[in-house]
K.L.:
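This is the structure I have questions about; it appears just below.
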2 protein chains.
Amino acid sequence: MDPHITGTTRLYGLVGDPLTAAKSPQLLNQLFTEQRVDAVCVPFWVNAANLPAFVSGARAMGNLSGMLVTMPHKQRMLALVDELDPTARQVGALNVIRCEPDGRWIGAIFDGVGCVLGMQWEGNHPANKSVLLVGAGGAGSAIAFAVAAAGASNLTISDVDEARAGGLAASVAAETGCDARSGPPDPQGFEIVINATPLGMKANDAMPVDPERLAHGAIVVDIINAAEPTPLRRAAQARGCRTQDGGPMHRGQAVYALRFLGFDYRPDGRSTPDDGPR
Amino acid sequence: MDPHITGTTRLYGLVGDPLTAAKSPQLLNQLFTEQRVDAVCVPFWVNAANLPAFVSGARAMGNLSGMLVTMPHKQRMLALVDELDPTARQVGALNVIRCEPDGRWIGAIFDGVGCVLGMQWEGNHPANKSVLLVGAGGAGSAIAFAVAAAGASNLTISDVDEARAGGLAASVAAETGCDARSGPPDPQGFEIVINATPLGMKANDAMPVDPERLAHGAIVVDIINAAEPTPLRRAAQARGCRTQDGGPMHRGQAVYALRFLGFDYRPDGRSTPDDGPR
């Protein structure tokens, strides 16, 4: 059931192109209904060329309280908000904006802390674990900072673009003090292996790591959110490894994003961390 | 129950300031739910100074299909649309915009034909009747053109601004061929008397016409939409006159406005006119 809309209802927007697969309006509207919040989330279908004009218009709406931002606007929107949460600065992208009563827009992205929260829910918290992270793009960058900040004993970052992996590792080490370095995508010896590449989304993709070299008892987190387990997860399970798909990370980032917007969201009644988003 | 909102839901906006008393989101959303239209109407709270910026942004939304326009934007919006329906040109205001797939915005206002439709529903159609219309503002102008076009035998328009009444009467006569003129607010001899002034909204308002001079059997239409009958309606009823409040006009204009947006709206199952809006 969706919120009851009147003239005084506050607006939350989901801005992107396309929005055909979007799920967040349903999530927010269910939350607003359950918590009796006089607000509604609606899609704003805006293409890349129109984004600046759209933002000027959206800033003219006195009842817009926030926005979720999806493809292709996550990077471009950085320059159109007034303030960046540290999460957005680290990742170089945002996916949620809070519109303050004084008119300031603050952008953030919680993929990294959301991934750690999802790992915690699944009993796979990275504290004191050796972690191999494959993929140093947007999602990988966010996860690298968050896994390091969550107390991984060491973090190796691998990417086909070795310079990108090295740069990210250096930033993570400098910012968190974690023992972070770049390296090859060899899972041998790691307690946790995280796939943050798109490999596994398409049928004929190569494996992001060689599952034959997974350590006994390793935990494999594949952030790809598909109906069927990815080939990596299937191979890891066949070796007796515990695995986790992209669902917990997605729900975890939603907890933080909704908290950033002022709402208490507990998917399936799960507890949320006492420590706020960083 | 409100529409179920997904990423592909079309948007209709209500733009105005304030919107605290707005009822149209509820009306449209009930219609969308009943007719299983994948659309939702939400409030856009925009002040006068921000209207041009808002419009530029709203034009950047690929899923905005229409807007309802209320105070204080009904006149100012004329210059911000691409095309005006004849109704909007006659009245010099608009309150509904259709956003065409090719990006054109077309503005219209159906207060006049809506008033006539409401009168028809109540058995008070103005065809072949002598009509006194008091008030030559926005609503009065719309009603004057529509009552004349609906076949009133003659129309007298009265306003505290006599020049405004005279100008409107001349335009109506020229455009419709109706015997229209300006005159004093004396109801004697008229079969239908319409109050299109705000007199009667506040407790100590003067009467728009002297009810003692209402003809026997006259019909009194007061477009003020209040919970309690206005003093004019009470006095007219005490003299045995049939009266009508602003409700039928409001529902009548909604029929036309929703038809203009592509929807078939039949309040309380009433039939709608076979002739489209002019």
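Below, read A as the first sequence line, B as the second, and so on, with proteins coming before strands; counting in each chain starts at 1.
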K.L.:
Identify the heavy atoms of Ala60(B) and Val46(A) that sit nearest to each other, and give their distance.
P.N.:
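Looks like O-CG2, 3.7 Å.
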K.L.:
Measuring from atom CZ of Arg59(A) to atom CG of Asn50(B), what distance do you get when rounded to the nearest 0.5 angstrom?
P.N.:
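Those atoms lie 11.5 Å apart.
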K.L.:
Take atom CG in Asn204(A); do more than 12 heavy atoms of anything else shown fall under 6.0 Å from it?
P.N.:
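For Asn204(A), atom CG is not crowded (no more than 12 foreign heavy atoms under 6.0 Å).
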K.L.:
Do Ile5(B) and Pro43(A) make a side-chain contact, defined as non-hydrogen atoms from C-beta onward lying under 4.5 Å apart?
P.N.:
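Heavy-atom side-chain distance check passes, below 4.5 Å.
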K.L.:
Given heavy-atom pairs under 4.5 angstrom as the criterion, report whether the side chain, backbone, both or neither of Val42(A) touches chain B.
P.N.:
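For Val42(A), backbone and side chain are both near chain B.
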K.L.:
Using heavy-atom distances under 4.5 Å, tell me whether Leu11(B) contacts chain A through its side chain, its backbone, both, or neither.
P.N.:
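Interface part for Leu11(B): side chain.
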K.L.:
Does atom CZ of Arg76(A) have more than 12 heavy-atom neighbours from other groups under 6.0 Å away?
P.N.:
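Not buried by this count: 12 neighbours or fewer within 6.0 Å.
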K.L.:
Considering all heavy atoms of both residues, which atom of Ala22(B) and which atom of Gly7(A) are nearest to each other, and what is their separation?
P.N.:
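In this case the closest contact between Ala22(B) and Gly7(A) is CB-CA, 4.0 Å.
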K.L.:
Leu64(A), Leu19(A), Asn63(A): which one forms the most heavy-atom pairs within less than 4.5 Å of chain B?
P.N.:
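Highest number of pairs under 4.5 Å: Asn63(A).
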